[in-house]
Amino acid sequence: MPSLALLHASQLVTLTGPPRARRGEELSELAIIPGGAFVASGGKITHVGKSTEIEKLCDAETEVINASGCVVLPGFIDAHTHLVFAGSRLDDYEARARGETYEQIAKRGGGIQTTVKATRAASEDELFALAKKRASWFLQNGTTMVEAKSGYGLTLEDELKILRVIQRIGKETPLETVPTFLGAHAFPPEFREDHGSYISLIIGEMLPRIAREKVAEYCDIFCERDYFDVNEARRILTAAKQHGLKLRMHVDQLTNGGGARLAAELGAATADHLEQTAADGINALAKANIQPVLLPGSAYALGSKKYPDARAMIDAGLAVVVATDFNPGSSPGPSMPMMLSLAVTQMRMSPAEAIAAATINAAASLNKVGETGSLEVGKLANFAICDCEDYRELAYWFGVSLVRDVFVRGVSISSSGGFQTAK
Ligand code: NIG
Ligand code: FE
């Protein structure tokens, strides 16, 4: 493969630094190179520096990209998505506009159950076609890797079907995927009156098979009133750990049920949502070194005023992550630049903090910090070229995509027709 040189970026936002999540003041250090450039070969970055130095490494074979007038940064890493589902939640959306709440809609059998019904009825190929279209939305908005959860199947076969689709998206499109098993997303209708049996099914059949087939790296749970309580979550996640799965958790989204403290107790990789978490939960996360994944898109789309307390978390030394929570119910949005805007306007993060949270810290939360999340020698050439000269514009302009081109493993998604895989 001939090498690729990107030259003359107005700002090359490298995020060079220690290969771990950033906290405190480090979150503001983006390691920007004005007039920055790099060379990539075989899909990986081989040199990074000033354009004047990098130019000297180019020969007649090198494919040169002139990024003058542009900000170039690592592809966003979206560490919390529900990418694979079928059906529509437009009725829920409209019902909320009429004043019904997310919880009221779920109680009358709408919400997650609507999506479970449609997803069970869809074939693997149908789900793949739907997910592939969404993968192009993520890529077009500058995201090059997503964590993606199952959770709309709630039978062993339907959960496996979703996890296989997540794997196929990672192999057959440029979007890199990290799969998470979310069988404990809700109690399915056939177990509405018998929660114990569904938990036994997860522990006794689903987890062993999912671990054996290696179709998931993480196990997640919706720890919430009317879903899985703290004791049920502890049982399921302890079993998941015994099967070698790492943990991510939906906690304290609608009510403060002590989920953050449980994430700390179990040593989860991440505790996600945290809209209702108070000081004790934040302190527990800090002591246990758990990364919070903040999902402002779901507060926004549910019309809530209650965003997670990002400032308190950063002050407590937590290595915050910002992600979309892309899903059909509470956050139908794939755009990380939109999340940057919400992080700044609603959670009082600085644009630099939000970008670190959406790149290097997200990579660290997925155990991928050795391969992506910054533009450094040895890392994947996964990056976005944006139509602006100051990185803060990425969080400032909203409702418009400044992303001009996206590269995965050194291959442009536009030159490759969007979906020629570089892998
Ligand atoms: O992260 N909270 C639970 N799960 C999703 C919503 C899923 C849905 O409504 O379909 C979330 O917000
Ligand atoms: Fe979620």
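Both ligands and their constituent atoms are indexed starting at 1 by order of listing. Side-chain atoms are counted along with the backbone in the values below, which use heavy atoms only and exclude waters and symmetry mates. Count residues from 1 along the sequence. In this text the structure is predicted, and so the values were computed from the model without any measurement.
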Novice: Does Arg120 CZ have over 12 foreign heavy atoms under 6.0 Å away?
Specialist: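 Yes, because the 6.0 Å sphere around CZ of Arg120 holds more than 12 heavy atoms from other groups.
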Novice: When you measure from the Fe ion (ligand 2) to each N, O or S atom of Asp325, which atom gives the shortest distance?
Specialist: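 Looking only at N, O and S atoms of Asp325, the one nearest the Fe ion (ligand 2) is named OD1.
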Novice: When you measure from the Fe ion (ligand 2) to the N, O or S atoms of His82, does any of those distances fall below 2.8 Å?
Specialist: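 So His82 counts as coordinating the Fe ion (ligand 2), yes.
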Novice: Keeping the roles fixed (side chain from Arg261, backbone from Gly257), state whether a donor-acceptor pair exists under 3.5 Å.
Specialist: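 No; zero donor-acceptor contacts below 3.5 Å.
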Novice: Mark yes or no for whether Glu232, through its side chain, and Asp229, through its backbone, hold a donor-acceptor pair below 3.5 Å.
Specialist: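 Present.
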Novice: So does Lys117 have more than 12 non-hydrogen atoms from other groups sitting under 6.0 Å from NZ?
Specialist: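 It does not: Lys117 NZ has 12 such atoms or fewer within range.
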Novice: Is it the case that more than 12 heavy atoms not belonging to Arg96 sit under 6.0 Å from its CZ atom?
Specialist: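 More than 12 heavy atoms, drawn from other residues, nucleotides or ligands, come within 6.0 Å of this atom.
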Novice: Quick check: of its N, O or S atoms, which one does His80 have closest to the Fe ion (ligand 2)?
Specialist: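 Among the N, O or S atoms of His80, the one closest to the Fe ion (ligand 2) is NE2.
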Novice: Could you check whether any side-chain N or O of Gln113 sits under 3.5 Å from a backbone N or O of Phe187, counting only pairs where one atom can act as donor and the other as acceptor?
Specialist: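 Yes, because the side chain of Gln113 sits within donor-acceptor range (under 3.5 Å) of the backbone of Phe187.
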Novice: For the Fe ion (ligand 2), what is the closest N, O or S atom on His250?
Specialist: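 Nearest to the Fe ion (ligand 2) within His250's N, O and S set: NE2.
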Novice: State whether Asp220 contributes an N/O/S atom found under 2.8 Å from the Fe ion (ligand 2).
Specialist: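 No N, O or S atom of Asp220 is closer than 2.8 Å to the Fe ion (ligand 2), so no.
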Novice: When you compare the side chains of Thr255 and Glu224, does any donor N or O come within less than 3.5 Å of an acceptor on the partner?
Specialist: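 The criterion, which ignores hydrogens and geometry beyond distance, is satisfied for Glu224 and Thr255.
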Novice: Does atom OH (Tyr300) have a neighbourhood of more than 12 heavy atoms from anything else shown, all under 6.0 Å?
Specialist: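 Not more than 12 within 6.0 Å, no.
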Novice: What are the distances between nitrogen or oxygen atoms of ligand 1 and protein nitrogen or oxygen atoms, counting only those under 3.5 Å?
Specialist:
{"from": "ligand 1", "atom 1": "1 (O)", "to": "His82", "atom 2": "NE2", "distance (Å)": "3.4"}
{"from": "ligand 1", "atom 1": "1 (O)", "to": "His250", "atom 2": "NE2", "distance (Å)": "3.0"}
{"from": "ligand 1", "atom 1": "1 (O)", "to": "His273", "atom 2": "NE2", "distance (Å)": "3.0"}
{"from": "ligand 1", "atom 1": "1 (O)", "to": "Asp325", "atom 2": "OD1", "distance (Å)": "2.9"}
{"from": "ligand 1", "atom 1": "1 (O)", "to": "Asp325", "atom 2": "OD2", "distance (Å)": "2.9"}
{"from": "ligand 1", "atom 1": "2 (N)", "to": "Gln253", "atom 2": "OE1", "distance (Å)": "2.8"}
{"from": "ligand 1", "atom 1": "4 (N)", "to": "His185", "atom 2": "NE2", "distance (Å)": "2.8"}
{"from": "ligand 1", "atom 1": "9 (O)", "to": "Arg89", "atom 2": "NH2", "distance (Å)": "2.8"}
{"from": "ligand 1", "atom 1": "9 (O)", "to": "Tyr102", "atom 2": "OH", "distance (Å)": "2.5"}
{"from": "ligand 1", "atom 1": "10 (O)", "to": "Arg89", "atom 2": "NH1", "distance (Å)": "2.9"}
{"from": "ligand 1", "atom 1": "10 (O)", "to": "Arg89", "atom 2": "NH2", "distance (Å)": "3.4"}
{"from": "ligand 1", "atom 1": "10 (O)", "to": "Tyr152", "atom 2": "OH", "distance (Å)": "2.6"}
{"from": "ligand 1", "atom 1": "12 (O)", "to": "Gln253", "atom 2": "NE2", "distance (Å)": "3.4"}
{"from": "ligand 1", "atom 1": "12 (O)", "to": "Asp325", "atom 2": "OD2", "distance (Å)": "2.9"}
{"from": "ligand 1", "atom 1": "12 (O)", "to": "Ser330", "atom 2": "OG", "distance (Å)": "2.5"}

